[in-house]
Amino acid sequence: MRIIAGTARSRRIEAPDGKNTRPTLDRVRENLFNMLQTRIHGARVLDLFAGSGALSLEALSRGASYAVMNDRDGNANRVELKNAETLGFSDRTRVLKGDWEQTAALLRGEGERFDLIFLDPPYTMTDLRPVMEALRPLADAETLVIAEHEAKAVLTVPDGMEQTNTRNWGFCGVSFYRFSEEEHT
């Protein structure tokens with residue numbers, strides 16, 4: 001795996017060993033970040049189910065200001081920390097170990113807010129209502145939630161979420177969501 005563009009362009013990053021994670025393919029990341037290019041500079045990023053941290057690290061390479069990476073797998077956390085250090089992004093990253101519920105509760109308690117939220121859960125997890133509800137306090141009307149999923153999957157999200165786009169690249173799909181405007185006025 002490698003970083004596609006930005007200050008760490010072409011630098012290699014590691015992926016966790018084993019079958020507990022499924023790294024986002026380079027071509028999917030490249031297409032995804034081409035779509036997000038105007039939203040990256042200065043963005044605060046949350047990456048749940050982060051695996052290697054590739055999505056956060058790509059965002060940092062392209063000008064994001066800060067990223068929180070979370071995974072419940074200890075091996076993934078070690079790889080995220082190592083990748084951030086290797087790329088020189090340690091000062092702009094925070095790596096949390098725990099499930100998404102613990103992390104969302106912790107960040108809510110700290111009053112954190114994010115511009116971009118990446119979700120790359122196991123492909124069997126298609127009901128994202130609990131995750132999205134837990135993330136609602138971490139977002140505002142401009143926050144974009146990007147969920148990676150199997151291309152043929154139908155995701156279930158809570159009322160008040162607007163799907164703004166969806167794209168498929170081979171077996172991988174990516175859907176973009178926003179929380180409704182009226183909730184943040």
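For this chain, numbers begin at 1 and follow the sequence in order. None of these values were measured; they are calculated from a predicted model.
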Within the structure provided, determine whether D47 and N70 are in side-chain contact (heavy-atom separation under 4.5 Å).
no

What distance separates L60 CG from R92 CZ, expressed to the nearest 0.5 Å?
5.0 Å

Minimal non-hydrogen separation, M69 against S56, with atom names:
CG-OG, 3.4 Å

How about D127 and T156: does a side-chain donor come under 3.5 Å of a side-chain acceptor?
no

Could you pull out all donor-acceptor pairs under 3.5 Å where a side-chain atom in residues 35-42 meets a protein atom, sequence neighbours excluded?
residue, atom, partner, partner atom, Å
R39, NH2, E142, O, 2.5

Worked verdict on R108 versus E112 for salt bridge (Lys or Arg N to Asp or Glu O under 4.0 Å)
CA-CA 6 Å; R108 276 193 315 269; E112 288 275 15; over 6 Å; no

Side chain of T93, backbone of A84: donor and acceptor closer than 3.5 Å?
no

Does any part of the side chain of L128, heavy atoms only, come nearer than 4.5 Å to the side chain of P121, both counted from C-beta?
yes

Would you tell me whether T86 and N83 have side-chain atoms, one donor and one acceptor, within less than 3.5 Å of each other?
no

Between the CD atom in E80 and the CZ atom in F89, the distance rounded to the nearest 0.5 Å is 14.5 Å

Please test L48 against V131 for side-chain contact (heavy atoms from CB on, under 4.5 Å), starting from the C-alpha separation and ending with a verdict.
CA-CA 10 Å; L48 288 183; V131 178; 4.3 Å; yes

Pair H149, T126: side-chain N/O donor-acceptor within cut-off below 3.5 Å:
no

Would you please test Y177 and M132 for side-chain contact (heavy atoms from CB on, under 4.5 Å) and show each step?
CA-CA 10 Å; Y177 298 93; M132 298 282 201; 3.8 Å; yes

Is there a side-chain contact between M125 and F49 in this structure, where contact means two heavy atoms from C-beta onward sitting under 4.5 Å apart?
yes

Out of curiosity, S175 OG to E148 CD, how far, rounded to the nearest 0.5 Å?
10.5 Å

Hey, does the side chain of S61 reach the backbone of A8 with a donor-acceptor pair shorter than 3.5 angstrom?
yes

Ignoring hydrogens, what is the shortest heavy-atom contact between D71 and A50? Give both atom names and the distance.
OD2-N, 3.4 Å

What's the spacing between L57 CG and I3 CD1 if we round to 0.5 Å?
5.0 Å

If you count every heavy atom of other residues, nucleotides or ligands that lies below 6.0 Å from E85 atom CD, does the total exceed 12?
no

How close do S65 and R44 get, counting heavy atoms only, and between which atoms?
OG-CG, 3.9 Å

Quick one, L144 and I117 - any side-chain contact, counting heavy atoms below 4.5 Å?
no

Does the ring centre of F118 sit less than 6.0 Å away from the ring centre of F33?
yes

Residues at least two apart in sequence or cross-chain that pass salt bridge (Lys or Arg N to Asp or Glu O under 4.0 Å) with R11, listed by chain then number, are none

Going by the angle between their ring planes, with limits at 30° and 60°, are F114 and Y66 parallel, tilted or perpendicular?
parallel

Side chain of T143, backbone of D140: donor and acceptor closer than 3.5 Å?
yes

Residue pair K82, E14: steps toward the side-chain contact (heavy atoms from CB on, under 4.5 Å) verdict:
CA-CA 8 Å; K82 183 177 181 183; E14 292 184 23; 2.7 Å; yes

Nearest atoms (heavy-atom pairs only) where I13 meets S52
CD1-OG, 4.4 Å

Residue pair N77, R72: steps toward the side-chain contact (heavy atoms from CB on, under 4.5 Å) verdict:
CA-CA 8 Å; N77 292 134; R72 67 181 182 182; over 6 Å; no

Taking atom CG of N75 and atom NZ of K97, what is their separation to the nearest 0.5 Å?
10.5 Å

E150 side chain reached by N168 side chain, heavy atoms, under 4.5 Å:
no

Let's go through R9 and E58 carefully: what are the C-alpha distance in whole Å and the side-chain angles of both, what is the deciding distance for salt bridge (Lys or Arg N to Asp or Glu O under 4.0 Å) to 0.1 Å, and is it a yes or a no?
CA-CA 9 Å; R9 180 183 179 158; E58 187 74 43; over 6 Å; no

Report yes if some heavy atom in the side chain of L55 is under 4.5 Å from a heavy atom in the side chain of R29; otherwise report no.
yes

For the CG atom of L135 and the CG atom of L119, what is their distance to the nearest 0.5 Å?
6.0 Å

Hey, does the side chain of R178 reach the backbone of T164 with a donor-acceptor pair shorter than 3.5 angstrom?
no

In terms of hydrophobic clustering (I, L, V, M, F, W, Y; side-chain heavy atoms under 4.5 Å; direct or indirect links), are I4 and L116 co-clustered?
no

Picking from D120, L32, T166, N165, what satisfies side-chain contact (heavy atoms from CB on, under 4.5 Å) with V174?
L32

Does any part of the side chain of M161, heavy atoms only, come nearer than 4.5 Å to the side chain of D159, both counted from C-beta?
no

What residues, two or more places apart in sequence or in another chain, satisfy salt bridge (Lys or Arg N to Asp or Glu O under 4.0 Å) together with E133?
R136

Using a 4.5 Å cut-off on heavy atoms from C-beta on, say whether the side chain of V95 contacts that of V68.
no

